[in-house]
Amino acid sequence: MNLPASISEARARLADRTLSANELVRAELKAMAAARPLNAFITETPEIALAMAGESDRRLARGEARALEGIPLAIKDLFCTKGVLTTAASHILDGFQPTYESTVTRKLWEAGAILLGKTNLDEFAMGSSNESSHYGPVKSPWRRAGDNRPLTPGGSSGGSAAAVAAGLALGATGTDTGGSIRQPAAVSGVVGLKPTYGRCSRWGIVAFASSLDQAGPFARNVRDAAVLLRSMAGFDPQDSTSADRPVPDYELACERPARGIKVGVPGEYRVAGMPPEIEALWQRGCDWLKAAGAEVVEVSLPHTKYALPAYYIVAPAEASSNLARYDGVRYGLRVPGEDIQQMYEKTRAAGFGCEVRRRVLIGTYVLSAGYYDAYYVKAQKLRRLIKQDFQAAFGRVDAILTPTTPGPAFALGEKADDPIAMYLNDVFTVTANLAGLPGISVPAGLSADGLPLGLQLLGPAFAEETILTLAAELERAASFTARPEPWWRLP
Amino acid sequence: MSRDASKLVAAASGPWEVVIGLEVHAQVTSAAKLFSGAATAFGAAPNAQVSLVDAAMPGMLPVINRVCVEQAVKTGLGLAAEINRVSVFDRKNYFYPDLPAGYQISQYKQPIVGKGRLLIDLADGTTREVGITRLHLEQDAGKSLHDQHPRHSYVDLNRAGVALMEIVSEPDMRSAEEAGAYLRKLRAILRYLGTCDGNMEEGSLRADVNVSVRRPGEGYGTRCEIKNVNSIRFVQQAIDYEAKRQIALIEDGGSVKQQTRLFDSRTGSTREMRSKEEAHDYRYFPDPDLLPLELSEAFISGLSASLPELPDAKKARFMRELALNAYDASVLVAEKETADYFEALAQGRDAKVAANWLTGDLFGHLNRLGKGIADSPVSAARLGELLDLLTAGSISGRAAKDVLAEMVDSGQSAKAIVETKGLTQVSDSDAIEGLIDEVIAGNADKVGQYRAGKEPLLGWFVGQVMKASRGKANPALANELLRKKLAS
């Protein structure tokens, strides 16, 4: 069977009954099985997928299709799924099967979407390469031209990005704390959208850094991302930080003209050592938007250089507290000890990988008496300044255009021993999390060695529609059609 | 804030002043917990009242319970305290099996209620003001059970996440008596407001007691904190023990070290739990799962308008409108149930008489039975009937006391008892005169003494007449008739 290329196409074919949900799911499950060398999934859920497909086909037959009826999705294994192993890619959650469903996935299933499986990620979403997963790294479907070395799919939502890029799912969920949706989307050649903080409920998502975490979709194109977001977003009384405001029809925004929209280009993002091909891509992005009638102007975000240091204080601080619950007492891994203290120590030492341990230690340190003011309080002040930078800029422009990442995918192992180099991957994406703003990454071109590169659009809070309009314009102009060679399929 | 010398503790080297501050943990009266929908009833089977949030399952988020916020604000208003329009919930981080999330959600730098005050009523009828530093909302922890199994500990999370108000006083108290008066008054206010049931046996009200000693007029000494004391008597014992211990330490040339101590109710003593050096670093920071709590003017004024009359106001009204003295008024308002009982009883009757019968006679019976006013076998309406019989002169005061005893034991009404036992007072002059004649005839010697000028014997004659009437004679009438007959 010819797999549909997008959610839009699948919806049309399911609606006119030239394709059944069952056929679609079987084809995806077959592709997933063939793509196991990618290690994109921690858990595949074929029985659940087929049962959900059966329900979708019955509804389609009765003409009662819902917004995402029969659309197979991959779910980042940070979303709790009722009765299905949920690991956060950590040893410490061994065997954990939630008795509850996260709000975002519940909404997706209520819209008729189908669970294919749970995707691999950096442990507790801490990482930019997927290498901190207890289940081993995801291998990117992409390879450099003439080079067989495995590359990173990006992180932390690497499994979701790889699954969508390799055609194993029509869409996927991710979470973005410092760039964990946009960075893997960019280096995997797919669309990734981080909504405004509070747009999607965090209820039932394993927490990394609560004030920064936000769920969002991965998709093959901008319109599909809009369709997915519409079903994922919405107020949730169970999440005190969720926004009580209506969810617009984001799909309509993809049709609107970009003409007259003011787009800012922040000089501070032109960082030292930026590869010329990234610089050139950014310029092309400006030219495309201008050609579509948008107005492109320089803006200043003067505190940008403090974003990464502030992020690496706030995120670990919150994480150190959020991860205290993994103590071996109630669920997951327990390594026995002589007394309770030793049980804690052994369990947490065995259960957490080295990146998670590093961040818990950093977070504990910056919150300690005597250091709190010097680190945590100062980082919060910087965060306010960064937010104010954006407020000032959005007084002049409707959106901001930047590259998503400082470069294309790197090889697995290439930066594994250098946390600072790894953290620099997030340099263009963390600002949106610190300010709580929406951002989207759109595939916009290929690097010299044939790897995808992304452009990022940032908007004011709850201006997802504006950035979707511009993203759709960039997508048309870039006409990015490259697909990875399916090297992973065994002959 | 040095006060009268009677509060000072004498020692070999001279007098010491004891300085006491209390941190009271009061469980908020609410059907659900502070941040989850789980129930809070006392006495449920272990772990029967635990939500996913209370058990800190991955991805669970707290949502503030509006009722608990209302209760905290009401309590703040009842303590004449500042209500903070914006307050912040912080995480207090530490590891313990009965703290599932590894942090307690509390309020650290910005509590919901700021400075207030409380008037304590002392035994001599005087009052004294104790400052309230703050009141904040926080979660209770679960309960670790170490005595259920030789090698394992068990954890019951029913209490985990239950809302507590931590009410912190200024170090304004100077004796165990004042600390006891503070706790009794605070408990009365909480009960009047309905914001905490004040039940110390069930742990709804617990106190951390800060004690230090100093020479009168000097700065504060080093304090020790005695954790989690769960009765007023124990608080007072702990203070007395701790003050003696600290004074002895200093008198022996040593010094007090800042410590957290535990009270042992079996020995009445305190012992070291941990020193200042071993104190936890709780790494407080604002909980990113919760937005700052913002209260509107309308919300606060709505609660303010709904407040009931509180003990101090009630006491003032009893003194002003019912002409009661300060002591009686204090006793009557100490418990809301007593005040309610009294108001029902005093309605249309002499307030002083009502107060005496309630706090003297009925309280005596209740003490004997080990019952509270709420469980009194004699209702206010029933006791009122008895007082009406007395006022109408239908029975004597002496007989009334016997009738009340009978009412307490049998549950019958005063009228029924009076009728059955034929206790109706004799106010018929002829009948009483007959009795008087008999008494005079049988005691010629005493009559002679009286007539010779030993007038105090009149009381003895009245007693004889009452005795002869088996208590039924109207004593006033007997008195009057006796005077006449003895004079003639």
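Remember, it's a predicted structure, so these values are computed and weren't measured experimentally. A, B, ... follow the sequence lines: proteins, then strands. Residue 1 opens every chain.
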Measuring from atom [atom1] of [X] to atom [atom2] of [Y], what distance do you get when rounded to the nearest 0.5 angstrom?
X: B/Leu291; Y: A/Ser240; atom1: CG; atom2: OG; value: 6.5 Å
X: A/Tyr376; Y: B/Arg283; atom1: OH; atom2: CZ; value: 13.0 Å
X: B/Met60; Y: A/Gln238; atom1: CE; atom2: CD; value: 7.5 Å

Quick one: what part of [X] sits under 4.5 Å from any heavy atom of chain B, side chain, backbone, both or neither?
X: A/Pro237; result: backbone
X: A/Tyr197; result: side chain
X: A/Ala317; result: backbone
X: A/Asp213; result: neither
X: A/Phe79; result: neither
X: A/Leu93; result: side chain
X: A/Asp327; result: side chain
X: A/Ile340; result: side chain

Might you confirm whether atom [atom1] of [X] has over 12 heavy atoms from other residues, nucleotides or ligands at distances under 6.0 Å?
X: B/Tyr108; atom1: OH; value: no
X: A/Tyr375; atom1: OH; value: no
X: A/Glu338; atom1: CD; value: no
X: B/Arg66; atom1: CZ; value: no

Does [X] reach the side chain of [Y], with side-chain heavy atoms less than 4.5 Å apart?
X: A/Arg330; Y: B/Val155; value: no
X: A/Thr241; Y: B/Leu61; value: no
X: B/Pro58; Y: A/Phe124; value: no
X: A/Gln341; Y: B/Phe95; value: no

Return the minimal non-hydrogen interatomic distance between [X] and [Y], and the atom names on each side.
X: A/Glu318; Y: B/Arg91; value: O-NH1, 4.2 Å
X: B/Ala101; Y: A/Ala324; value: O-CB, 3.5 Å
X: A/Thr99; Y: B/Leu52; value: OG1-CD2, 3.7 Å

B/Gly59 backbone acceptor or donor facing A/Arg202 side chain under 3.5 Å: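 No; zero donor-acceptor contacts below 3.5 Å.
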
Residue part contacting chain A, namely of B/Tyr282, when any heavy atom lies under 4.5 Å: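 Neither part.
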
Under 4.5 Å from a heavy atom of chain A, the part of B/Asn93 involved: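 It is the side chain, since no backbone atom gets that close.
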
side-chain hydrogen bond (donor to acceptor under 3.5 Å, both in side chains) contacts in which one or both residues fall within residues 364-374 of chain A, not counting sequence neighbours: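 Passing the test, one end in residues 364-374 of chain A: no pairs.
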
Among the listed options A/Ser210, A/Gly332, A/Ala209, A/Ala207, the residue most often paired with chain B at heavy-atom distances under 4.5 Å: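 If we count pairs closer than 4.5 Å to chain B, A/Ser210 comes out on top.
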
Closest-packed option against chain B by number of heavy-atom pairs under 4.5 Å, given A/Asn322, A/Val377, A/Leu323: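 Most pairs with chain B among the choices: A/Asn322.
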
Closest-packed option against chain A by number of heavy-atom pairs under 4.5 Å, given B/Gly102, B/Ala56, B/Ala55: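 So the answer, after comparing B/Gly102, B/Ala56, B/Ala55, is B/Ala56.
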
